[in-house]
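First the structure, in the form of structure tokens, and then the observations on it.
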Amino acid sequence: MTVGHSYLLYYFIVISTYIIVNISARVSRTNYTKLGKIIFYLAILIPWIIASNRYGIGTDYYNYEKMYYNITNFGSILESIINSSYEPGWIILNYVVKYIFNNEVKYIFVISSLLILFFNFSAIYTYRKRINMSIAIFILMCTLYNPSFNIIRQSLAMAILLFSLKYIDEKKVLKFILLVVLAGSFHYSAFIFVPVYWVLNNNYYNFWSKFKIFVFYLLFILIVVQFEPLFNSLINVGVFSKYNIYEINSNGSIGIGNIIVRLPVILIILLNLKELRKKDPFMGGVTVLYFISLILYFLGYKADYLARIAVTFEMMQIFILSSIIRSQNDLSRKYLYYLLIILYYFIYFTYFILMGNYGETIPYITK
């Protein structure tokens with residue numbers, strides 16, 4: 001497929017998925033809520049088919065093929081977990097493909113793509129009464145869909161973490177921890193999400209709650225200041241040794257470019273933060289995680305891997321912005337934000353994902 005045709009394909013995926021979810025939201029507001037739910041999950045089909053049938057695209061595509069054969073060359077799942085450095089959940093998934101799908105490695109991409117989309121869509125559907133689902137899906141598709149062709153394990157872990165917010169909101173700590181462990185079994189970076197339960201269980205008005213947020217920010221500032229020795233210590237630990245491929249750039253500069261790129265999002269959040277916290281305190285609290293991602297993007301200029309961790313927190317923009325849209329009482333203001341958000345992410349998708357070829361998904365190739 002040519003570059004131009006690939007652009008059209010990805011635009012089609014984003015727009016068609018958005019339209020189907022929009023139809024679903026409209027149907028759900030009638031007496032046909034079950035039909036609305038069915039339509040919503042049918043929206044997974046187009047992006048899943050395209051992701052499943054890709055071949056050789058995504059920066060690490062061939063690395064995942066090689067990883068599959070390395071993992072399944074061990075005698076059993078237990079041997080592979082003990083003797084390899086890969087996460088146990090990912091090892092189990094590889095053996096599922098080996099035993100159920102007759103050792104056809106392409107099913108790694110088929111299954112992982114389905115799981116990523118399912119958890120992301122389920123997370124959004126959970127909050128359908130508190131967010132604008134169409135905007136949430138549009139942001140998801142413009143920011144995380146193409147990169148999931150590359151950072152497969154991390155994308156799956158992130159999708160599970162996004163879904164885990166439901167159990168923080170419901171104060172079900174055991175279910176939250178179990179989901180974090182599940183996410184961590186696909187990518188160890190997911191365990192950084194554990195303190196989020198502690199941070200988001202706030203009412204944002206008493207001293208203790210504000211102190212918790214202050215400590216959370218302080219922790220990340222300390223990581224920024226002392227990152228190099230911390231990172232060097234971490235990669236000496238067995239399970240994290242594979243991350244020594246991510247070099248630290250001691251002469252890196254402050255990542256002001258990342259802030260400028262995200263300035264429209266930052267401004268929309270700041271302009272609506274007070275009102276959002278009043279109408280939906282939990283979603284207002286989620287903004288803390290987004291601002292943590294900005295701190296981590298600063299670190300991304302020192303070490304590439306930290307920029308990748310930042311994405312785990314930045315994905316909260318899916319909930320924050322769609323919640324801001326839903327919370328607007330003034331229709332003209334609501335439509336203005338709607339238009340600005342659509343325009344911003346369409347430009348972002350075009351410039352960074354397509355033209356910048358982030359994750360190397362252009363041109364689209366299939367067997």
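Just so you know, residue 1 is the first one in the sequence shown, and it goes up from there. None of the values given here were measured: they were computed from a predicted structure.
Under the 4.5 Å side-chain heavy-atom criterion for Ile, Leu, Val, Met, Phe, Trp and Tyr, L339 and I325 are members of distinct hydrophobic clusters. The hydrophobic clustering, which links ILVMFWY residues whose side-chain heavy atoms are closer than 4.5 Å, places I135 and I269 together. I139 and I20 fall within a single hydrophobic cluster, where Ile, Leu, Val, Met, Phe, Trp and Tyr side chains are chained together by heavy-atom contacts under 4.5 Å. In the hydrophobic clustering of this structure, L45 groups with I38; members are Ile, Leu, Val, Met, Phe, Trp, Tyr whose side-chain heavy atoms approach within less than 4.5 Å, directly or through other members. Two different hydrophobic clusters hold I347 and L321 under the rule that ILVMFWY side chains link at heavy-atom gaps under 4.5 Å.
Nearest heavy-atom pair across F176 and Y167 is N-CB, 3.9 Å. Residues Y364 and N53 share a closest heavy-atom pair of OH-C, 3.4 Å. Contact between A136 and I318 at its shortest, heavy atoms only, is O-CG2, 3.6 Å. Scanning all heavy atoms of the two residues, the minimum distance from V181 to F191 falls at CA-CE2, 3.9 Å. Considering every non-hydrogen atom in both R262 and Y344, the closest pair reads CA-OH, 3.7 Å. Taking both residues in full, the closest heavy atoms of I124 and F319 are given as CA-CE2, 4.0 Å, listed atom of the first, atom of the second, then distance.
The aromatic rings of F40 and F121 sit tilted, their planes meeting at an angle between 30° and 60°. Under the 30°/60° scheme for interplanar angles, the aromatic rings of F186 and W90 are found to stand perpendicular.
Atom SG of C142 is separated from atom OH of Y348 by 10.0 Å, given to the nearest 0.5 angstrom. Interatomic distance, CD1 of I152 versus OG of S155, reported as 8.0 Å (0.5 Å rounding).
Between Q317 and E314, some side-chain heavy-atom pair lies under the 4.5 Å cut-off. Residues I353 and P147 meet the side-chain proximity criterion, which asks for heavy atoms closer than 4.5 Å. No side-chain heavy atom of I160 sits under 4.5 Å from any side-chain heavy atom of V180. With contacts defined as side-chain heavy-atom distances shorter than 4.5 Å, the pair L271/I268 does not qualify. Using a 4.5 Å cut-off on side-chain heavy atoms (C-beta onward), T361 and Y61 make no contact. With contacts defined as side-chain heavy-atom distances shorter than 4.5 Å, the pair I266/L294 qualifies. In this structure the side chain of V97 never reaches within 4.5 angstrom of the side chain of V110, judged on heavy atoms. Looking only at side-chain heavy atoms (C-beta outward), L340 and P264 stay at 4.5 Å or farther from each other.
Contacts classified as salt bridge (charged side-chain N to carboxylate O under 4.0 Å, His left out) and involving residues 91-109 (residues at least two apart or in different chains) are not found. Evaluation of the salt bridge (charged side-chain N to carboxylate O under 4.0 Å, His left out) test over residues 30-51, restricted to residues two or more places apart or in two chains, returns none. Contacts classified as side chain to side chain donor-acceptor pair (under 3.5 Å) and involving residues 5-16 (residues at least two apart or in different chains) are given here: T2-H5, Y11-T350. Counting only residues at least two apart or on different chains, the side chain to side chain donor-acceptor pair (under 3.5 Å) pairs with a member in residues 132-141 are N22-S134. Pairs of residues two or more places apart, or lying in two chains, that qualify as side chain to side chain donor-acceptor pair (under 3.5 Å) and include a residue from residues 113-122 are Y41-S122, R54-S113.
Y351 OH: 12 or fewer foreign heavy atoms inside a 6.0 Å radius. Applying the 6.0 Å contact sphere to OH of Y32 captures no more than 12 heavy atoms from other residues, nucleotides or ligands. A 6.0 Å sphere centred on CG of D330 holds more than 12 heavy atoms belonging to other residues, nucleotides or ligands.
Here the two rings, on F349 and Y345, have centers that are 6.0 Å apart or farther. For an aromatic pair to be called close, the ring centres must be under 6.0 Å apart, and F101 with Y107 satisfies this. In this structure, F149 has its ring center at least 6.0 angstrom away from the ring center of F109.
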Side chain to side chain contact (heavy atoms under 4.5 Å, CB included) between I324 and I341: does it pass, once the steps are laid out?
CA-CA 11 Å; I324 286 172; I341 290 168; 5.9 Å; no
Are M1 and L9 close enough, and set up right, to give a side chain to side chain contact (heavy atoms under 4.5 Å, CB included), and what steps lead you there?
CA-CA 10 Å; M1 188 176 287; L9 174 66; 4.0 Å; yes
Start with the C-alpha distance between I108 and E65, add both sets of side-chain angles, then the distance that settles side chain to side chain contact (heavy atoms under 4.5 Å, CB included), and finish with yes or no.
CA-CA 8 Å; I108 283 292; E65 279 195 342; over 6 Å; no
Check the pair N272 / Y337 against side chain to side chain donor-acceptor pair (under 3.5 Å), numbers first and verdict last.
CA-CA 11 Å; N272 292 274; Y337 280 135; 3.2 Å; yes
When you look at M133 and Y127, which way does the side chain to side chain contact (heavy atoms under 4.5 Å, CB included) test go after all the steps?
CA-CA 8 Å; M133 289 200 302; Y127 285 99; over 6 Å; no
Just do the ring-ring contact (aromatic ring centres under 6.0 Å, His included) check on Y358 and F352 with the steps written out, would you?
CA-CA 6 Å; Y358 178 73; F352 290 102; 8.8 Å; no
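S80 contributes no side-chain N or O that, together with a main-chain N or O of S76, makes up a donor-acceptor pair within less than 3.5 Å. Looking only at distances, a side-chain donor or acceptor of Y95 sits under 3.5 Å from a matching main-chain atom of I71. A donor-acceptor contact shorter than 3.5 Å is absent between the side chain of S84 and the backbone of I81. Proximity of a side-chain donor or acceptor of D280 to a complementary backbone N or O of L276 within less than 3.5 Å is not detected. When atom types are taken as modelled, the side chain of S24 and the backbone of G36 share a donor-acceptor pair closer than 3.5 angstrom.
I49 belongs to no multi-residue hydrophobic cluster, having no ILVMFWY side-chain contact under 4.5 Å with any other such residue. Hydrophobic clustering, defined by side-chain heavy atoms of Ile, Leu, Val, Met, Phe, Trp and Tyr closer than 4.5 Å, groups L267 together with L263. Cluster partners of L178, using a side-chain heavy-atom cutoff of under 4.5 Å among ILVMFWY residues and allowing indirect links, are L174.
Under the side-chain hydrogen bond (donor to acceptor under 3.5 Å, both in side chains) rule, Y68 has a single partner from N94, N103, N73, which is N103.
Residues satisfying the salt bridge (charged side-chain N to carboxylate O under 4.0 Å, His left out) criterion with R333, sequence neighbours excluded, are absent altogether. Contacts of K166 classified as salt bridge (charged side-chain N to carboxylate O under 4.0 Å, His left out), with partners at least two apart in sequence or in another chain: E170. Not a single salt bridge (charged side-chain N to carboxylate O under 4.0 Å, His left out) links R128 to another residue, sequence neighbours left out. Here K279 pairs with E275 under the salt bridge (charged side-chain N to carboxylate O under 4.0 Å, His left out) rule; sequence neighbours left out.
Remark: R130 engages D169 in a salt bridge, criterion side-chain N to carboxylate O under 4.0 Å.
For the residue pair Y335 and Q328, no side-chain donor N or O sits within less than 3.5 Å of a side-chain acceptor on the partner.
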